[in-house]
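What follows is one structure encoded as structure tokens, with my remarks underneath.
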Amino acid sequence: MIEMLDPKLIRNNPEAVKKGLKNRKAEASLVDRFLAVDEEWRKLTTEIDELKAKRNKVSDQIGEMKKKKEKADDLIAEMKGFSSRIKELDDEQRKIEERLKAISLEIPNLPHMSVPVGINSRDNLEVRTWGKKRKFSFKPLPHDEIGKKLGILNFEQAAKISGSRFVVYKEMGAALERALINFMLDLQIKENGYTEVLTPVMVRPSSMLGTGQLPKFEEEMFRCRDDELYLIPTAEVPITNLHREEILPAGSLPIKYVGYTPCFRREAGSYGKDVKGIIRQHQFNKIELVKFVEPEKSYKELEGLTLDAEKVLQKLGLHYRVVELCTADLGFAAAKTYDLEIWFPSENEYKEVSSCSNYESFQARRANIRYRPSRDAKPEFVHTLNGSALAVGRTFAAIFENYQQKNGTIQIPEALQTYMGGISTI
RNA sequence: GGAAGGGUGGCCGAGUGGUUUAAGGCGCACGCUUGGAAAGCGUGUAUACGCUAACACGUAUCGAGAGUUCGAAUCUCUCCCCUUCCGCCA
């Protein structure tokens, strides 16, 4: 049965779990509801197990007697109807399990003890910045206007072929997007030791369950009409599911993947938000880092993963800040999250280009991903982490804004020039 | 789109109602043997849950679910998945 949190943790430390839930503004009474149903389930399970033990024993006896050509009619008569009683209890048990599962699915992950307690996103903590805001001798334009003027971003044609929240990249715009993808991939593969994967972008419902998009966030995803397939909202889904239902052998951790995929999001409920430009699109490109690690190392690995993502911004020379999300702003499955935010001069605002999270065993439980600590040891759940490195479209927009010149051209960051055929200006 | 075949332990693979508490093999671990190794021989080798201080014990799991039966890997039904061939196609 899928458990979101370790049931033993809830049984043994209900007060600690409640406190964690309160801190992230989740319903703490979930704990008491869970414990009540859990108790019911365990009582019934013990009873059922005893009945089944008797059934198995008597059936064996009957088999033994038949083998010896003895009459077993009395025993068979005695057992008539026995299984139907078991079946009734089995049905009851199944109903209880469904209730237990429904409650479990509602329980979010617990914040790590290092996460600052807060009541909303204003309590997020800026942990460091890199670089400085550029000083402009002219009024910086928003990225979409720059793109339109240069004729390399076209929103009208995108709307014609696909509707709002889509964009067509042209000429050096398309080339820049492509350069960013290759640059980001190469960096993680060659310098940070990640294994490259190129996965399907359409997945089954079972994969969406594995990483937690289903059942809660169904309305956020695009689904095929005639096939049971969803378009992925992030590469986290196919990559984390690579090892679903597996027991990874001792010594195989950490496993580090980097993958490029387009991502698809319906953005239901975001009407009116980020309507201009390419900040919030139904389809966007993203490079994703995913790690499978040993539990005791996962927080060290989170720091490393965040630095791996930051390195992209540093090489591109983009000023950014690292924000640690407070308990109230954490995503449903995350225990701790750092966001990377780039400064956008046209709005004098920082925008998220990466979110790096430690899920601890939360996803591993759902997706049943385990490992062996040593050769003969019992399997344990891995810890999973992932982070964007980076959202390509937003990085593209940030380059437009931060590298724009007074004459309307855009400088290409040095690190990208070899990926752009050596040119230095658009 | 059409047709066929198949899902059994870490892997291969037997198994059509009761010593199958899943044969046998491979792999792996330990031991015996050896100067050392190989071979050979022997022993062991799933997961989850419950109950336990622990050992032990119990229950479930042969793709999933339901049915028949005292008893199902095995019989019946429904579904899922995989493979192959034909057709179409980048």
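Residue numbers start from 1 in every chain, and the chains themselves are labelled A, B, ... in the order their sequence lines are given, proteins ahead of strands.
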Which one is paired to B:C75, where only Watson-Crick or G-U wobble pairs with both distances under 3.5 angstrom count?
-> B:G67

Return the value, rounded to whole Å, for the distance between atom NZ of A:Lys87 and atom P of B:G71.
-> 13 Å

Between A:Glu220 and A:Arg265, is the closest basic N to carboxylate O distance under 4.0 Å?
-> no

Identified pairing partner of B:A14, criterion: Watson-Crick or G-U wobble below 3.5 Å = none

Rounded to whole angstrom units, what separation is found between the CZ atom of A:Phe82 and the P atom of B:U69?
-> 16 Å

A:Arg85 CZ to B:C70 C1': how many Å, rounded?
-> 12 Å

Are the charged groups of A:Lys336 and A:Glu324 less than 4.0 angstrom apart, N to O?
-> yes

NZ/NE/NH1/NH2 to OD/OE distance under 4.0 Å, A:Lys95 and A:Glu98 | no

Using purine N1 to pyrimidine N3 plus N6-O4 or O6-N4 for Watson-Crick, or N1-O2 and O6-N3 for G-U wobble, both under 3.5 Å, which nucleotide pairs with B:G5?
-> B:C82

Are A:His243 and A:Tyr257 close enough that their ring centers fall under 6.0 Å?
-> yes

Between B:C49 (P) and A:Trp41 (CH2): distance, integer Å = 9 Å

Paired with B:C49: which nucleotide, if any, by Watson-Crick or G-U wobble criteria at under 3.5 Å for both distances?
-> B:G58

Any strand is fair game: report the nucleotide pairing with B:G42 by Watson-Crick or G-U wobble, both distances under 3.5 Å, or none.
-> B:C30

Looking only at atom P, what distance separates B:G6 and B:C75, rounded to whole Å?
-> 12 Å

